[in-house]
Amino acid sequence: MSGITRRTFLKSAGTVGALSLLGCTVAPSKGAKAKVVIIGGGYGGSTAAKYLKLFDPSLDVTLIEKRKTYYSCPGSNEVISGWHDLGWLVRSREGLTTRLGVNLVRAKVVEIDPQKRIVTLKDGSEIPYDRLVLSPGVDMRFDAIEGYDLKTSKLIPHAWKAGKQTTLLLNQLKAMRDGGVVIITAPAGPYRCPPGPYERASLIANYLKRSKPRSKVIIVDAKTQFSKQALFLKGWQDLYPGMVEWVSSEKVGQIDHINPSKLIVATEFNNFRASVLNVIPPQKAGWLARKTELADHSRWCPVDPRSFESTLIPNIHIIGDACIATPMPKSAFSANSQAKICAAAIVDLLNGRQPGPPSLINHCYSFLAPDYAISINGVYEYSVAERQLVATGGGETPMDADRGREAEFARSWRENITADTFEG
Ligand SMILES: Cc1cc2nc3c(=O)[nH]c(=O)nc-3n(C[C@H](O)[C@H](O)[C@H](O)COP(=O)(O)OP(=O)(O)OC[C@H]3O[C@@H](n4cnc5c(N)ncnc54)[C@H](O)[C@@H]3O)c2cc1C
């Protein structure tokens with residue numbers, strides 16, 4: 001927090017109780033357009049900007065994004081498999097400006113002052129807000145695995161943020177000899193895209209089957225079970241028999257360290273030597289959220305799911321991977337759902353209305369081959385008694401379902417979420 005600590009701020013704001021929903025609402029002066037600033041133009045932030053303008057075109061909405069090019073993580077495993085070029089992952093937000101009038105600013109936000117309600121950009125310029133939405137995504141925890149830090153990640157990719165890292169892993173797979181071993185380490189939850197490591201293993205196997213059929217993929221997992229497990233295990237048996245091996249921490253213990261020069265993953269009871277190593281480390285809320293003391297001891301940001309307003313600092317809403325929205329998984333679909341609830345709640349709050357109890361959904365598809373996909377979905381509602389979201393429905397692709405049709409649905413989902421998030 002700029003100049004003040006969260007503790008000082010809370011003192012000056014009264015008690016934590018004063019932060020609840022309408023308790024600390026700031027209304028713009030009469031006649032002035034309310035200013036909503038959004039930091040992070042990924043799945044959460046772009047959807048929030050779009051829906052704020054759709055719900056109330058009179059709002060002054062500014063979306064600030066630090067990167068020139070945004071590469072979508074959904075689809076990045078397909079790029080690694082060689083189905084598409086990296087450029088296929090680029091998402092443009094121009095329609096948000098031309099069709100809806102969102103102000104797009106390309107800059108890194110380096111500071112948030114919650115008391116003055118100002119964000120400061122890297123060049124020192126300041127942008128004021130009435131309400132702030134933060135969707136900064138995740139950072140890798142480079143202190144979590146001995147031997148794996150930021151510098152090592154330039155040689156041994158995590159590829160858990162799409163772009164350069166995706167290309168690095170793709171090129172290493174291309175350079176690998178036939179008969180090589182690809183090792184993926186999967187973290188304990190919560191992390192971005194729970195089924196992602198297993199989709200990645202499947203699509204690397206798909207590439208290897210086509211190009212290097214004597215090779216194999218091993219997943220060294222910090223967990224003892226994983227998302228869509230039975231469906232993935234069946235898919236690997238159907239499509240890539242003997243090529244994909246999942247190793248539970250129950251069997252080999254937790255990862256002790258990585259030896260980067262020898263490409264060895266050392267667990268408590270075993271050593272695994274890779275030809276290509278893909279380390280997916282544990283994660284945490286993006287830097288700006290942690291710097292602003294919006295994250296708690298878990299390194300993620302607690303929010304009131306009725307509005308996604310921080311329970312720690314008023315007038316700031318956190319959506320997407322950075323927030324704690326348990327039991328929702330950290331996914332682009334979740335970020336998109338949360339952004340809409342958040343946008344509607346902000347319009348309510350700015351107009352002195354109490355946001356209603358929300359209902360959210362998530363549906364995650366995973367490809368195992370171009371004509372073979374599986375999915376999991378969930379419905380989440382706000383429980384007044386538990387003061388958090390609870391799962392009220394959901395399920396997985398049935399074992400006997402047509403995987404080809406699921407693949408069609410997965411492609412169509414991607415087109416729809418891209419349009420719904422990034423196009424005006
Ligand atoms: C391999 C892989 C596959 C996946 N597949 C799927 C899938 O099939 N379906 C699905 O639903 N989800 C999928 N996901 C998950 C999905 O990518 C994330 O859940 C989603 O991107 C979260 O959106 P977000 O807005 O929280 O973060 P992001 O999309 O990462 O956006 C955050 C943005 O904030 C910007 N930013 C951060 N800090 C600042 C700052 N200080 N100033 C300005 N800008 C800043 C960043 O540059 C970034 O553009 C996948 C993820 C991976 C890794």
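The figures here come from the full heavy-atom set of this structure, side chains too, leaving out hydrogens, waters and symmetry mates.
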Please check: side-chain N/O of [X] versus main-chain N/O of [Y], any donor-acceptor pairing under 3.5 Å?
X      : Y      : result
Thr421 : Thr418 : no
Asn206 : Ser202 : no
Lys53  : Pro57  : yes
Gln338 : Gly320 : yes
Gln165 : Pro157 : no
Asp60  : Ala34  : no
Glu65  : Gly41  : yes
Thr267 : Val252 : yes
Lys212 : Met176 : yes
Thr397 : Ser375 : yes

Exercise for the section: Let me see the working for Lys330 and Gln283 under side chain to side chain contact (heavy atoms under 4.5 Å, CB included), right down to the final yes or no. Expected result: CA-CA 11 Å; Lys330 297 187 185 300; Gln283 292 142 43; over 6 Å; no
More than 12 heavy atoms of other residues, nucleotides or ligands under 6.0 Å from [atom1] of [X]: is that the case?
X      : atom1 : result
Glu268 : CD    : yes
Asp402 : CG    : yes
Glu94  : CD    : no

Quick one, [X] and [Y] - any side-chain contact, counting heavy atoms below 4.5 Å?
X      : Y      : value
Asp321 : Pro190 : no
Leu288 : Leu294 : no
Arg200 : Ile280 : yes
Ile80  : Thr166 : yes
Pro114 : Tyr129 : yes
Val109 : Leu121 : yes
Ile204 : Ile184 : yes
Ile145 : Met140 : no

Exercise for the section: Would you please say whether a donor-acceptor pair under 3.5 Å links the side chains of Arg210 and Ser81? Expected result: yes
Exercise for the section: Examine Phe232 together with Trp246 and report whether their ring centres are nearer than 6.0 Å. Expected result: no
Problem - Test log, rule side chain to side chain contact (heavy atoms under 4.5 Å, CB included), inputs Ser215 and Asp178 - result: CA-CA 6 Å; Ser215 314; Asp178 189 8; 3.4 Å; yes
For [X] versus [Y], what's the shortest heavy-atom pair and its separation?
X      : Y      : result
Ala48  : Ala339 : N-CB, 3.5 Å
Gly75  : Leu89  : C-CD2, 3.5 Å
Thr152 : Pro260 : CG2-CB, 3.7 Å
Glu406 : Ala373 : CB-O, 3.1 Å
Ser275 : Arg177 : OG-NH2, 4.2 Å
Tyr382 : Asp304 : CE1-OD1, 4.4 Å

Nearest 0.5 Å please: distance from the [atom1] atom of [X] over to the [atom2] atom of [Y].
X      : Y      : atom1 : atom2 : result
Arg117 : Lys35  : CZ    : NZ    : 11.0 Å
Tyr198 : Lys228 : OH    : NZ    : 11.5 Å
Ile112 : Thr120 : CD1   : OG1   : 9.5 Å
Leu100 : Leu54  : CG    : CG    : 5.0 Å
Arg306 : Ile341 : CZ    : CD1   : 13.0 Å
Ser334 : Leu360 : OG    : CG    : 8.0 Å

Does the pair [X]/[Y] count as a salt bridge with the N-to-O cut at 4.0 Å?
X      : Y      : value
Glu111 : Lys291 : yes
Asp420 : Lys340 : yes
Arg131 : Glu309 : yes

Not counting sequence neighbours, which residues clear salt bridge (Lys or Arg N to Asp or Glu O under 4.0 Å) with [X]? List them please.
X      : answer
Lys223 : Asp221
Glu78  : Arg414
Asp149 : none
Asp139 : Lys161, Arg290

Handout entry: ring pair (Phe, Tyr, Trp, His ring centres under 6.0 Å) partners of residues 42-91, not counting sequence neighbours, each pair once
Key = Tyr43-Phe422, Tyr51-Phe55, Tyr70-Phe422, Trp83-Phe367, His84-Trp88
Handout entry: Chi angles and distances behind the side chain to side chain contact (heavy atoms under 4.5 Å, CB included) call for Leu52, Ile38
Key = CA-CA 10 Å; Leu52 278 159; Ile38 298 133; 3.8 Å; yes
Practice task
Could you please spell out the steps behind the side chain to side chain contact (heavy atoms under 4.5 Å, CB included) verdict for Lys216 and Val182?
Solution key: CA-CA 6 Å; Lys216 69 181 282 185; Val182 181; over 6 Å; no
Completion exercise
Applying side chain to side chain contact (heavy atoms under 4.5 Å, CB included) to Ser298 and not counting sequence neighbours gives Asp296, Trp300, Ile324
Problem - Trp413/Phe409 under ring-ring contact (aromatic ring centres under 6.0 Å, His included): CA gap, chis, key distance, verdict - result: CA-CA 6 Å; Trp413 169 78; Phe409 293 150; over 10 Å; no
